[in-house]
Amino acid sequence: MSERFNKNIEQMKASASMVIMAKAKRIKAQDPEIIDLAGGEPDFDTPARICEELFRQVKAGYTHYTVGPGLPELREKIAQKLNTENGCSYHPDGVIVTPGGKYSIYMAVRTLVNPGDEVMYLNPGWVSYPSIVEAAGAVPVDVNLRYEENYLIREELLEEKYSEKTKLLIINYPNNPTGRVLTPKEAEVIRRFLLRHKDVLLLSDEMYERILYDDNCNVSPASMPEIADRVITVNGFSKSVAMTGWRIGYMATTPEIGAMAGKLFQHTISCVSGFIQKSAIVALDCQQEIEEMRKIYEQRRNLFVNGLNQIPGVHCTMPEGAFYAWTDFDIPGMDSNQVCEFILEQAKVVGVPGISYGEQQGSRMRFSFATSTDQLAKAVENISAAMAKIKCEKKEG
Ligand code: GLU
C-alpha cells in the first residue's frame with residue numbers, strides 16, 4: 001500500500017514564525033496588555049503611492065494573467081536595481097518575480113537539488129531553510145556559527161560541513177535573527193569557499209538589505225565577479241517597503257537557471273498578479289519612504305537594545321541591520337523555550353525562542369522591534385521587572 005502522505009512533507013516541522021505569530025495574535029485578543037514582538041513584520045502602512053498604483057491598475061481592468069515569470073519592465077527594473085544598488089550584473093532574463101521571497105527560495109532549491117544532495121545553511125538562521133530543503137528531498141546541513149565569535153563565518157566551519165554531496169550553500173544577510181551583516185572579510189571567506197568547490201552554488205537571501213544601521217554595509221556576494229554566475233540572489237518588497245501581505249519577491253540568477261526554474265514557475269504559480277507587479281515597479285522608486293522607515297527602525301533599535309542592555313542578566317549585541325534584537329538571557333537552568341515562556345508569563349512579551357533558529361546553546365530569544373516606541377519601552381520595563389523578580393526569588397531560595 002502506498003504511503004498516505006508525501007514523506008518529506010509529513011516529516012516537516014511547522015514554521016515556528018507562523019505558529020508563534022498566530023499564538024501572539026490569539027493571546028493578544030484575550031489580553032490587550034500582551035506585547036507582540038514575535039513576527040518579523042513592519043508595522044508601517046505600505047507607502048501611499050504604491051497602493052494608489054494598485055487601485056489605478058485594478059480600476060483600469062488590469063486584472064488578467066500576465067504571461068511569463070514577471071512583467072518585462074519589472075524584471076528590467078529589478079536587474080537595474082541589483083546593478084546600481086548592489087553591484088551585481090544580472091540579466092533581466094534571469095529575474096523571476098514570485099509571490100514573496102519565500103517562494104523564490106523554494107523554487108531555487110527545488111530547481112537545483114536532487115534527493116540526497118546536501119544543502120548547507122548557517123545557524124542561527126531563518127526557520128524555513130531546512131524545511132524547504134527537506135521538501136525537495138535533499139539533506140539540510142547546518143553550519144553552527146558561534147555566539148562567542150559574534151557569529152563570524154570562518155573557513156573551517158564551512159569546510160567541516162562540506163562534502164562531495166554539497167550542492168548549495170544558503171546565507172542570509174542582514175541576518176534574521178542575529179541582525180549581523182555580511183562583512184567584506186566574510187564575503188571573502190564565502191568567495192574562497194566557492195572557488196575551492198566549483199560545483200557548489202550560493203543562495204543569498206538579502207530580504208533585509210535596505211535596513212542597515214550606523215555605517216554598516218552589507219556585501220551582495222553576486223557583486224564578486226569570479227563567483228557571480230553561481231550566486232542566486234533572493235530579495236523582495238515585504239520588509240523594506242512594508243509590503244508583507246502583498247506577497248511579492250524575486251530571485252535573480254543566470255538566464256540558464258532562470259529558464260529551468262521558470263518551468264516549475266509555469267506549473268505552480270503561472271504569474272504574480274499583474275496589478276501587484278505594477279505596484280512593485282512604483283515600490284522600486286520609493287527610496288525616500290524606505291529611508292524614512294529605516295531611520296525610525298534605527299531609533300527604535302537604539303531605544304530597545306540600550307534598554308535591554310541596562311537589565312542585569314540580559315545582553316543584546318547592537319544589530320547592524322534588519323529589525324531583530326537577538327537577546328541573551330543569563331538565567332541558569334532555562335533553555336530558550338523556557339525563557340520564552342517565562343518572558344511571556346512574567347513580562348507579557350511574546351518573542352521567538354532561539355532554538356527555532358537552530359541555536360542549541362544558551363537561552364536566547366528573538367524580539368522584533370518593528371513596533372511602536374511605546375510598546376518597546378513597555379517591553380523593556382516589563383522584562384526588567386520579570387528579571388528582578390527572578391533575582392529576588394533566587395536570593396530568598
Ligand atoms: N520572516 C518573518 C519572520 O522571520 C516572517 C515570517 C516567516 O516568513 O517566517 O518572522
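Whatever order the structure lists them in is the order used to number ligands and atoms, beginning at 1. Note that the numbering runs from 1 along the sequence shown for the chain.
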Checklist entry - Do the ring centers of F275 and F55 come within less than 6.0 Å of each other? => result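 That pair fails the under 6.0 Å test.
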
Item to check | Pair Y324 and Y208, ring centroids less than 6.0 Å apart | outcome: yes

Test your reading of the structure: does [X] have an N or O sitting under 3.5 Å from an N or O of ligand 1?
X	value
W126	yes
V127	no
N176	yes

Would you call the rings of [X] and [Y] parallel, tilted or perpendicular, where under 30° means parallel and over 60° means perpendicular?
X	Y	answer
F369	Y213	tilted
H197	Y162	parallel
Y121	Y129	tilted

Checklist entry - Which of these passes side chain to side chain donor-acceptor pair (under 3.5 Å) with T183: K185, R180, E186? => result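 Among K185, R180, E186, the one meeting side chain to side chain donor-acceptor pair (under 3.5 Å) with T183 is E186.
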
Next on the checklist: Using a 4.0 Å cut-off to any heavy atom of Y324, which atoms of ligand 1 qualify?
Outcome noted: 2 (C), 3 (C), 4 (O), 10 (O)

Next on the checklist: Show me which atoms of ligand 1 lie under 4.0 Å from any heavy atom of M18.
Outcome noted: 6 (C), 7 (C), 8 (O)

Next on the checklist: Under 4.0 Å, counting heavy atoms only: does K239 come that close to any atom of ligand 1?
Outcome noted: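 Per 4.0 Å heavy-atom rule, K239 contacts ligand 1.
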
Checklist entry - Is E41 in contact with ligand 1, taking contact as a heavy-atom separation below 4.0 Å? => result no

Checklist entry - So which protein heavy atom does atom 9 (O) of ligand 1 come closest to, and at what separation? => result S17 OG, 2.7 Å

Checklist entry - Given R366, K102, M21, which has its nearest heavy atom closest to atom 3 (C) of ligand 1? => result R366

Checklist entry - Does D214 offer a backbone N or O that forms a donor-acceptor pair with the side chain of E298 under 3.5 Å? => result yes

